[in-house]
K.L.:
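Below are the structure tokens for one structure; questions will follow.
Each residue takes its place number in the sequence, starting with 1. Please read all numbers here as calculations on a predicted model, not as lab measurements.
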Amino acid sequence: MWSAACGQILFSLSPGFGTAITMSSYTHPKENVFRTCMVVALSNSAFSLVGGFAIFSIVGNITYRINAAGGVLDEATGQFVSTTVAEQAKAGPGLAFIALADGMRSFGSGTNVMSVLFFMVLFTLGLDSTFAWAETFVSYVEDRIASSKVSSKPKRCTVVGCVCAVFYLVGLLYCTRMGNELLDTVDHYAASYFLLFGVAAEAVMFTFDFRWERLVAHVKVSTMGNPRTPNGQDVVGSLFWRTVIPTTLPALSILLFAYTLRDDLSAAYGGYPNWMLGIGWFILASLILVTILVGLWHLRTQGAGGLPPLLHAELAHRGDGAAGADASGAGAATELAWPALDADDESESDSSTASSSSS
């Protein structure tokens, strides 16, 4: 249960997908990214809590009506027995499209309105997630093409069209009779497993390569000049983050990974056939193997760390008053770290922000 809950929060916030990094490229150059991250994380958790109350209220009512009608048939004994909320609240498509859809009938005269609103929410959430993940993969492809020695680079519309076509063809597998089971298997081994592994690896890389001082300096300098934070944004709760990121974050992720692995080795996941579980294990092994091989290749070709030296660390640790008094020094340090944008770059960034917001 804990690994599924952890996988779900990682899935919704996408820290292991690279989606947040991709979307950050569409923000204004001086956007307060720390405040944005906190608002998004807290809003996501609040939405999950409210959704949990609503969902379990509906599932609880469904369970009550089933027990009042005599219960469910026990295949082992052939008798009707009472069911529980835990048995009815099974994750996956069945919860959204069967259990909750059945619960919509309890709204009386507002059934049609609530049903339309509920499925519109599911539809828009699906589109939103698809936009974010597709854009992330498109960015990977474009970065790879840009770093290659290809003479003529394809247009962005061509790259997006090809990526969407491949995703569409792969998605057809989930429309077959075993599509739901295959979707659950891929989600379990690719999302639940590999997200835990990827987040643990990111925490280790952040601790030993990127380092906390660089994060503080980057947040400070990147938000300097914002009307709300003219002297830059300080990382609130730094002691908490400095303790959690290098310790509990990788440790709990690896612990949940090992715990889930033990359960799947002791019993077949979901009771699915061996060929389907073989697909899941193959996907998981391929993802971990690619991650390790690419990491070793980068380590061999670029060394232990390819990050530039931190030139503005002393600026990041100054107080707001000192930084505000030394505006020229702040500008110089900022210029050393990130060259100032010219008018064309700013207009391009603003247009990208507008297009991202409209999407």
K.L.:
Do I58 and N61 make a side-chain contact, defined as non-hydrogen atoms from C-beta onward lying under 4.5 Å apart?
P.N.:
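In short, these two side chains do not touch, never coming nearer than 4.5 Å.
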K.L.:
Would a single hydrophobic cluster contain both L195 and V294, if residues Ile, Leu, Val, Met, Phe, Trp and Tyr are joined by side-chain heavy-atom contacts under 4.5 Å?
P.N.:
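Result: no, two separate clusters.
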K.L.:
Just do the side-chain contact (heavy atoms from CB on, under 4.5 Å) check on T223 and E31 with the steps written out, would you?
P.N.:
CA-CA 6 Å; T223 57; E31 180 68 30; over 6 Å; no
K.L.:
Residues two or more places apart in sequence or in another chain: which of them pass side chain to side chain donor-acceptor pair (under 3.5 Å) with N44?
P.N.:
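N44 satisfies side chain to side chain donor-acceptor pair (under 3.5 Å) with S12 only.
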K.L.:
How would you list, by chain and number, every residue that makes a salt bridge (charged side-chain N to carboxylate O under 4.0 Å, His left out) with E135, sequence neighbours excluded?
P.N.:
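For E135 the salt bridge (charged side-chain N to carboxylate O under 4.0 Å, His left out) partners, ignoring immediate neighbours, are R156.
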K.L.:
Report the residues that fulfil side-chain contact (heavy atoms from CB on, under 4.5 Å) with P246, sequence neighbours left out, ordered by chain and then residue number.
P.N.:
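T207.
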K.L.:
Below 4.5 Å, heavy atoms only, C-beta onward: do M23 and T19 meet side chain to side chain?
P.N.:
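They are in side-chain contact.
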K.L.:
For a quick test of reading the model, state the closest non-hydrogen atom pair linking V244 to P250 and the distance between them.
P.N.:
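Answer, listing the atom of V244 first, then P250: O-CD, 4.3 Å.
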K.L.:
Can you name the side chain to side chain donor-acceptor pair (under 3.5 Å) partners of D74, sequence neighbours left out?
P.N.:
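In terms of side chain to side chain donor-acceptor pair (under 3.5 Å), with neighbours along the sequence ignored, D74 is linked to T77.
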K.L.:
Please list all pairs passing the side-chain hydrogen bond (donor to acceptor under 3.5 Å, both in side chains) test where one or both residues lie in residues 236-251, with sequence neighbours left out.
P.N.:
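Residue pairs passing side-chain hydrogen bond (donor to acceptor under 3.5 Å, both in side chains), neighbours aside: none found.
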K.L.:
Have a look at V138 and tell me which of V160, D143, T22 forms a side chain to side chain contact (heavy atoms under 4.5 Å, CB included) with it.
P.N.:
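That would be V160.
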K.L.:
Under the side-chain contact (heavy atoms from CB on, under 4.5 Å) test, which residues partner T291, sequence neighbours left out?
P.N.:
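T291 satisfies side-chain contact (heavy atoms from CB on, under 4.5 Å) with F194, F197 once adjacent residues are dropped.
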K.L.:
Test your reading of the model: is there a side-chain donor-acceptor pair from S43 to the backbone of V40, 3.5 Å cut-off?
P.N.:
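Side chain of S43 to backbone of V40: no pair is present.
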K.L.:
Do the side chain of S148 and the main chain of I145 share a donor and acceptor less than 3.5 angstrom apart?
P.N.:
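A pair under 3.5 Å: yes.
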K.L.:
Below 4.5 Å, heavy atoms only, C-beta onward: do V236 and F34 meet side chain to side chain?
P.N.:
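Yes, close enough: below the 4.5 Å cut-off.
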K.L.:
Do T176 and L182 have side chains that approach each other closer than 4.5 Å (heavy atoms only, starting at C-beta)?
P.N.:
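T176 does not reach L182 side chain to side chain.
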K.L.:
Using atom types as modelled and distance alone, determine if a side-chain donor or acceptor of S45 lies under 3.5 Å from a backbone N or O of L42.
P.N.:
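Looks like no, no N/O pair under 3.5 Å.
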K.L.:
Please examine the side chains of R35 and R228, heavy atoms only from C-beta on, and report whether any two atoms are closer than 4.5 Å.
P.N.:
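A side-chain contact exists here, since the closest heavy-atom pair is under 4.5 Å.
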K.L.:
Name all residues meeting the side-chain contact (heavy atoms from CB on, under 4.5 Å) criterion together with V166; count only those two or more places apart in sequence or in a different chain, and write none if there are none.
P.N.:
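For V166, the residues satisfying side-chain contact (heavy atoms from CB on, under 4.5 Å) (neighbours in sequence not counted) are V170.
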K.L.:
Can you pull the ring-ring contact (aromatic ring centres under 6.0 Å, His included) pairs that have at least one residue in residues 138-188, sequence neighbours excluded?
P.N.:
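Qualifying pairs, neighbours excluded: F137-F167, H188-Y193, H188-Y269.
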K.L.:
For atom CG of L169, is the number of surrounding heavy atoms from other residues, nucleotides or ligands below 6.0 Å larger than 12?
P.N.:
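Yes, CG of L169 has more than 12 neighbouring heavy atoms, counting only those of other groups under 6.0 Å.
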K.L.:
Any non-hydrogen side-chain atom of N231 less than 4.5 Å from a side-chain atom of M224?
P.N.:
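Of all side-chain heavy-atom pairs linking M224 with N231, none is under 4.5 Å.
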K.L.:
Got a sec, which pairs hit salt bridge (charged side-chain N to carboxylate O under 4.0 Å, His left out) with one end in residues 40-67, sequence neighbours left out?
P.N.:
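Pairs touching residues 40-67 that pass the test: R65-D102.
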K.L.:
Could you pull out all donor-acceptor pairs under 3.5 Å where a side-chain atom in residues 114-127 meets a protein atom, sequence neighbours excluded?
P.N.:
{"unit_1": "S115", "atom_1": "OG", "unit_2": "T111", "atom_2": "O", "d": "2.8"}
{"unit_1": "T124", "atom_1": "OG1", "unit_2": "M120", "atom_2": "O", "d": "2.9"}
{"unit_1": "T124", "atom_1": "OG1", "unit_2": "V121", "atom_2": "O", "d": "3.0"}

K.L.:
Which pairs of donor and acceptor atoms, one on a side chain in residues 272-283, lie under 3.5 Å apart (sequence neighbours left out)?
P.N.:
{"unit_1": "Y272", "atom_1": "OH", "unit_2": "D184", "atom_2": "OD2", "d": "2.7"}
{"unit_1": "W281", "atom_1": "NE1", "unit_2": "Y189", "atom_2": "OH", "d": "3.4"}

K.L.:
Is it true that a side-chain atom of N67 and a backbone atom of T83 form a donor plus acceptor pair closer than 3.5 Å?
P.N.:
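Checking the backbone N and O of T83 against the side chain of N67, a donor-acceptor pair under 3.5 Å is found.
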K.L.:
Side chain to side chain donor-acceptor pair (under 3.5 Å) with T36: which residues, sequence neighbours excluded?
P.N.:
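None.
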K.L.:
Let me see the working for L196 and I254 under side-chain contact (heavy atoms from CB on, under 4.5 Å), right down to the final yes or no.
P.N.:
CA-CA 7 Å; L196 293 173; I254 293 299; over 6 Å; no
